[in-house]
Amino acid sequence: MHVPFNDLVLHHASLQPALNQAIAKTVAESSFIRGPEVDAFEKEFATLHGVKHCVSCANGTDALYIAMRALGLKPGEEVITTAHSWISTSETITQAGGSVVFCDTDADTFTVDPQQIEGKITSRTRGVIPVHLYGQAADMDPILEIARRHNLWVIEDCAQAHLATYKGRTVGTFGDVATYSFYPGKNLGAIGDAGGILTNRDDLASWMTMFARHGGKGDHLIEGMNSRMDGIQGAVLRVKLPHLQNWTERRRQVAQHYNELLAGVGDLRLPQVAEGRDHVYHLYVVRTKQRDALRAHLKGRGIETVLNYPRALPFYPAYSYLDHKPEEFPNAFENQSRILSLPIYPEMQVEKIRYVAESIRSFYGQ
Ligand SMILES: *Cc1c(COP(=O)(O)O)cnc(C)c1O
């Protein structure tokens, strides 16, 4: 049996007629950059979250960059973020002129440890970017409390956590700004690059709209950038958005299945979901001391796995200039040699889930 890590062919199969129609309509109308479908998607995505504004853009990385520019980040100012994320979260801090300050994760959830944030704050700190990693919300209450006390802004990186909740409230509604990626493999994906930014603040929404469209259409009030959503991506996202809740439930069912079949197997540590949070399982990430051997065993049985990510951010060559030591980020450092992402996608068949679980059990001789 072959088990892909994700199956976008299967994911789009049942939507094919609707997708084709949406694409054909966009071509017929020649609304290639932004246009009515993108406008409608922005409204629908904002409404779904109960947030006033959604500013669409070209991808989730631009979303972070645009948000930081809107919040007025200046050279030399510091932004605190997690040591465990995709590099978009930190590279955009530098692009926006700021200095990256990494913070370790907690031992259980792979999200930033709020206890560690306060010790990283200096007179130059301007903001915090928690990441709802793998689909589980970061611990927002203490993060927001610290931010309020130190007058810092908060950007939620929601790229992996569409519709995840924290104490019953949907992520993307906590910070000053929340950023989304609609990269094809994300829980809500376009058929190319696309991104979005949520905010309740009118001033930020209008500045970001202007900045992402060359500083204003017709009248360039400032120098901006070109970060626009394609009309086709807006049309496709509108076809897919009504299915997001259902897909999220299916991801949870796959995860529940894995949880039952893998409980107590070898030294495996299954995903831990903290009290008051739920998980939308963009990724299902287990931990084991025998990670590389398990991965090779699964590959031999036709099962694709991924490392998200091969290293914690402070230990990539890109950040060698910060000269960080493993003991500064003990959890993130340990996890980089333990984590393994198993296949998960909404359409994953029960036989495949069972086959992955059996293959893992056989690795441990169980
Ligand atoms: C995917 C991702 C991004 C960036 O999104 P792109 O659309 O690929 O630019 C940012 N942050 C996190 C945590 C991500 O997983």
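Counting convention: from 1, in listed order, for ligands and their atoms alike. Worth saying up front: this structure is predicted, and the values here are computed from it rather than measured.
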- Query: Would Ser99 and Arg124 count as having a side-chain donor-acceptor pair, cut-off 3.5 Å?
  - Reply: no
Determine all donor-acceptor pairs shorter than 3.5 Å in which one atom belongs to a side chain in residues 153-162; sequence neighbours excluded.
residue: Glu156; atom: OE1; partner: His132; partner atom: NE2; Å: 2.8
residue: Glu156; atom: OE1; partner: Gly172; partner atom: N; Å: 2.8
residue: Glu156; atom: OE2; partner: Gly172; partner atom: N; Å: 3.3
residue: Glu156; atom: OE2; partner: Thr173; partner atom: N; Å: 3.4
residue: Glu156; atom: OE2; partner: Phe174; partner atom: N; Å: 2.8
residue: Glu156; atom: OE2; partner: Gly175; partner atom: N; Å: 2.9
residue: Asp157; atom: OD1; partner: Ala159; partner atom: N; Å: 3.1
residue: Asp157; atom: OD2; partner: Thr89; partner atom: OG1; Å: 3.0
residue: Gln160; atom: OE1; partner: Tyr134; partner atom: N; Å: 2.7
residue: Gln160; atom: NE2; partner: Tyr309; partner atom: OH; Å: 2.8
residue: His162; atom: NE2; partner: Ser181; partner atom: O; Å: 3.1

- Query: Does a side-chain N-to-carboxylate-O contact under 4.0 Å join Arg238 and Glu42?
  - Reply: no
- Would you check ligand 1 and list the protein residues that come within less than 4.0 Å of it by any heavy atom, ordered by chain and number? Asn59, Gly60, Thr61, Ser85, Trp86, Ser88, Thr89, Val131, Asp157, Ala159, Gln160, Ser181, Lys186
- Task: Tell me, please, which residues at least two apart from Asp278 pass side-chain contact (heavy atoms from CB on, under 4.5 Å).
- Result: Ala164, Thr165, Arg252
- Query: Can you name the side-chain contact (heavy atoms from CB on, under 4.5 Å) partners of Ala296, sequence neighbours left out?
  - Reply: none
- Message: Is the shortest side-chain heavy-atom distance between Tyr345 and Leu8 below 4.5 Å?
- Response: no
